[in-house]
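To start, the structure itself, in structure tokens.
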Amino acid sequence: GLGPDRATITDARRSYQRFDLDQLARVFARTERESGAVLWLPRLLLLTGARLEEMAQLRASWFVRRDGVEVIDLHEARVKSAHNRRLIPLHRDLLELGILDLVKRADDRIFPELKYRASAERWSGAISSKLNREIDAALGANRRLTVHSLRKTFEHAAYVVGIPKPSINAITGHKPADVSEEHYLMLQDDVPLLKKHIDQITFPFLVQERVAA
């Protein structure tokens, strides 16, 4: 009876807002001046829809090629549940921004500056606080706009361009909506289709950053 109230936790999760394009541009105007995890994690979160903890623990060996597509393989990652172990196709903007060059330079972990905190059982504690400070500095303090909002922003952008919900679930690691989606569509195995879908998502300010660079 002394644990956190489940309804309160659920409401808090649902209360996260997504970023609009202007807000994204203001946040990325700060993070794009940085390096390492502060530079790359916002890019990864926005263009994969992944959770921060999933991306914070990335290893070079998890970047592989499947069915002719460059992917992140999370099957060996510490994840929340079994359906979070998945293949995420690399968005064309991540490729053009140089994610594979970053991978080639890594001895093992992509972000070795992030340390595992055993008491919290996660890699992302310190970087979560850092990125949330960057968001606050860009937009003002707002508990509903956090680093987790990047995941919501990806999902909204995917919905807007017409990506089917089963594909969104397969990319982001959400639980399949029903038995048909889980056992018959099996979209998590159709990497070329997921690649086609993820590349439909665009964020104009990232294209501008790339051209300016």
Side-chain angles (χ1 to χ4, degrees), residues 13 16-19 21 23-63 70-74 76-80 84 86-117 120-139 142 144-158 171-173 198 201-203 205-210 213:
R13 287 174 177 165
Y16 289 120
Q17 292 177 329
R18 61 178 174 83
F19 295 104
L21 290 179
Q23 290 168 333
L24 278 177
R26 288 157 62 189
V27 171
F28 276 71
R30 296 182 61 87
T31 59
E32 289 291 311
R33 297 197 299 261
E34 301 293 334
S35 60
V38 179
L39 171 66
W40 278 101
L41 282 173
R43 292 172 170 181
L44 283 160
L45 298 176
L46 183 63
L47 294 172
T48 65
R51 297 175 177 84
L52 178 59
E53 180 64 17
E54 293 171 341
M55 297 293 99
Q57 59 184 293
L58 285 177
R59 297 180 182 273
S61 61
W62 298 355
F63 287 77
E70 302 291 344
V71 303
I72 300 173
D73 185 343
L74 292 180
E76 295 183 7
R78 295 172 62 96
V79 292
K80 294 177 65 176
N84 297 152
R86 63 198 187 278
L87 300 174
I88 307 176
L90 290 178
H91 190 286
R92 55 186 166 78
D93 284 345
L94 280 173
L95 292 170
E96 293 191 31
L97 286 164
I99 185 66
L100 294 183
D101 291 332
L102 179 70
V103 172
K104 289 177 184 177
R105 295 194 298 269
D107 293 328
D108 180 19
R109 295 189 52 244
I110 302 299
F111 305 115
E113 67 269 35
L114 304 184
K115 307 303 180 185
Y116 183 70
R117 185 179 175 188
E121 296 186 335
R122 60 178 181 163
W123 296 92
S124 61
I127 192 62
S128 176
S129 298
K130 168 65 175 173
L131 291 176
N132 282 330
R133 288 195 297 270
E134 293 290 338
I135 292 168
D136 288 348
L139 305 178
N142 181 344
R144 298 184 68 190
L145 285 173
T146 71
V147 67
H148 188 74
S149 297
L150 292 167
R151 180 168 162 87
K152 283 209 166 183
T153 303
F154 172 90
E155 293 179 1
H156 179 265
I171 293 168
T172 60
I198 202 170
I201 301 169
T202 61
F203 295 101
F205 72 92
L206 270 181
V207 174
Q208 294 166 5
E209 290 282 354
R210 186 173 66 245

Does any non-hydrogen side-chain atom of [Y] lie less than 4.5 Å from one of [X]?
X	Y	value
Leu24	Phe203	yes
Trp40	Leu58	no
Ile110	Trp62	no
Leu46	His91	no

Distance from [X] atom [atom1] to [Y] atom [atom2], nearest 0.5 Å?
X	Y	atom1	atom2	answer
Gln23	Ser149	CD	OG	8.5 Å
Thr153	Leu47	OG1	CG	11.0 Å
His156	Lys152	NE2	NZ	11.0 Å
Lys130	Thr31	NZ	OG1	10.5 Å

Tyr16 vs Arg151, side chain to side chain contact (heavy atoms under 4.5 Å, CB included): CA-CA, chis, key distance, verdict: CA-CA 10 Å; Tyr16 289 120; Arg151 180 168 162 87; over 6 Å; no
Under the side chain to side chain contact (heavy atoms under 4.5 Å, CB included) rule, what do Phe154 and Ile171 come out as? Steps first, then yes or no, please. CA-CA 10 Å; Phe154 172 90; Ile171 293 168; 3.8 Å; yes
Could you give the side-chain donor-acceptor pairs of residues 97-108 under 3.5 Å, partners two or more places apart or in another chain?
from: Asp108; atom 1: OD1; to: Arg59; atom 2: NH1; distance (Å): 3.2
from: Asp108; atom 1: OD2; to: Arg59; atom 2: NH1; distance (Å): 2.5

What residues form a side-chain hydrogen bond (donor to acceptor under 3.5 Å, both in side chains) with Arg26, not counting sequence neighbours? Asp22
For residues 43-58, which residue pairs qualify under side chain to side chain donor-acceptor pair (under 3.5 Å), counting only residues two or more places apart or in two chains? Glu32-Arg43, Arg51-Glu54, Glu53-Ser124, Glu54-Arg86
May I ask you to check whether Arg78 and Tyr116 show a side-chain donor-acceptor distance below 3.5 Å? yes
Crowding at CD, Glu113 (>12 non-hydrogen neighbours, <6.0 Å): yes
